[in-house]
Amino acid sequence: MSGLQNVQWIQARFWNVKVEKPKTPSGAPQGTVWSGGPIDWFRITLKICSDDLIPEEITKVFRVSPDESFQRGKPILRSDGSIKRMPKFGVWRVFIQPSDTDEWDCCEAAMELLARLPSNVEIWRNLSKKYEIIVSFALSLESSNKGFCLTNEFLKFIGERGISADFDIY
């Protein structure tokens, strides 16, 4: 990280100033291979699931509608009304992707997603006793050596709530 990038990062962390997403330099010779930098694309999903999950119950507790949900034994239908599949477990999901935010840092975007939901730790602990709760990072890499950091604050936040993290890298 250059000195300027370091100053921008410190400003963003401590003074809530948005850091601009680093850009690949322009004007490089054809065939130049770049490595390093932030993840090119992501989708972050908070998923709550179990065999007996009833999505409406999670919606009632969170007071937030899911982006996607299904219940065991209730068919998922295609647009023409035919049965696409019969779920074997219940799921309640909300997600965020780049088109939903100007945040480019995966950890910050995950916190933006989680900020839509209740902050009360007890609500989460009660849910995590009954359901599996996962924050899932779907990541796409256009070149090698891309990455991001899960901060200790983020890990503490999800740990206190009984939330696991998983990663799909494309």
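Each residue takes its place number in the sequence, starting with 1.
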Validation row: [X], [Y] side chains within 4.5 angstrom (heavy atoms):
{"X": "Val61", "Y": "Trp92", "result": "no"}
{"X": "Thr59", "Y": "Pro66", "result": "yes"}
{"X": "Leu114", "Y": "Ile158", "result": "yes"}
{"X": "Phe154", "Y": "Val135", "result": "yes"}

Mind listing the closest non-hydrogen atom pair of [X] and [Y] along with its distance?
{"X": "Thr45", "Y": "Arg43", "answer": "OG1-NE, 3.7 Å"}
{"X": "Val94", "Y": "Ser65", "answer": "CG1-O, 3.9 Å"}
{"X": "Lys74", "Y": "Pro87", "answer": "O-CD, 3.0 Å"}
{"X": "Cys106", "Y": "Ile44", "answer": "O-CD1, 3.2 Å"}
{"X": "Pro55", "Y": "Phe70", "answer": "CG-O, 3.4 Å"}

Are [X] and [Y] linked, directly or through other ILVMFWY residues, by side chains that come within less than 4.5 angstrom of each other?
{"X": "Tyr131", "Y": "Ile134", "result": "no"}
{"X": "Leu117", "Y": "Leu53", "result": "yes"}
{"X": "Phe89", "Y": "Ile48", "result": "no"}
{"X": "Ile123", "Y": "Met111", "result": "yes"}
{"X": "Phe167", "Y": "Ile133", "result": "yes"}

Does anything in residues 161-170 form a side chain to side chain donor-acceptor pair (under 3.5 Å)? List the pairs, not counting sequence neighbours. Ser136-Asp166
Between Trp124 and Phe62, does the ring centroid distance fall short of 6.0 Å? yes
If a pair satisfies salt bridge (Lys or Arg N to Asp or Glu O under 4.0 Å) and one of its residues is in residues 84-100, list it, with sequence neighbours excluded. Glu68-Arg93
Output yes when Glu57 and Lys60 qualify as a salt bridge under the 4.0 Å nitrogen-oxygen rule, no when they do not. no
At what distance, to the nearest 0.5 angstrom, does CD of Glu56 lie from CD1 of Ile54? 7.5 Å
If you measure from CG on Leu113 to OG1 on Thr101, what distance do you get to the nearest 0.5 Å? 10.0 Å
Test side-chain contact (heavy atoms from CB on, under 4.5 Å) applied to Arg116 and Ile96, step by step: CA-CA 11 Å; Arg116 298 178 189 171; Ile96 190 169; 3.6 Å; yes
Heavy-atom neighbours of Gln71 CD exceed 12 at 6.0 Å: yes
For Val91 and Lys47, run side-chain contact (heavy atoms from CB on, under 4.5 Å): C-alpha distance rounded to whole Å, both residues' side-chain angles, the deciding distance at 0.1 Å, then the answer. CA-CA 7 Å; Val91 169; Lys47 173 175 60 176; 4.1 Å; yes
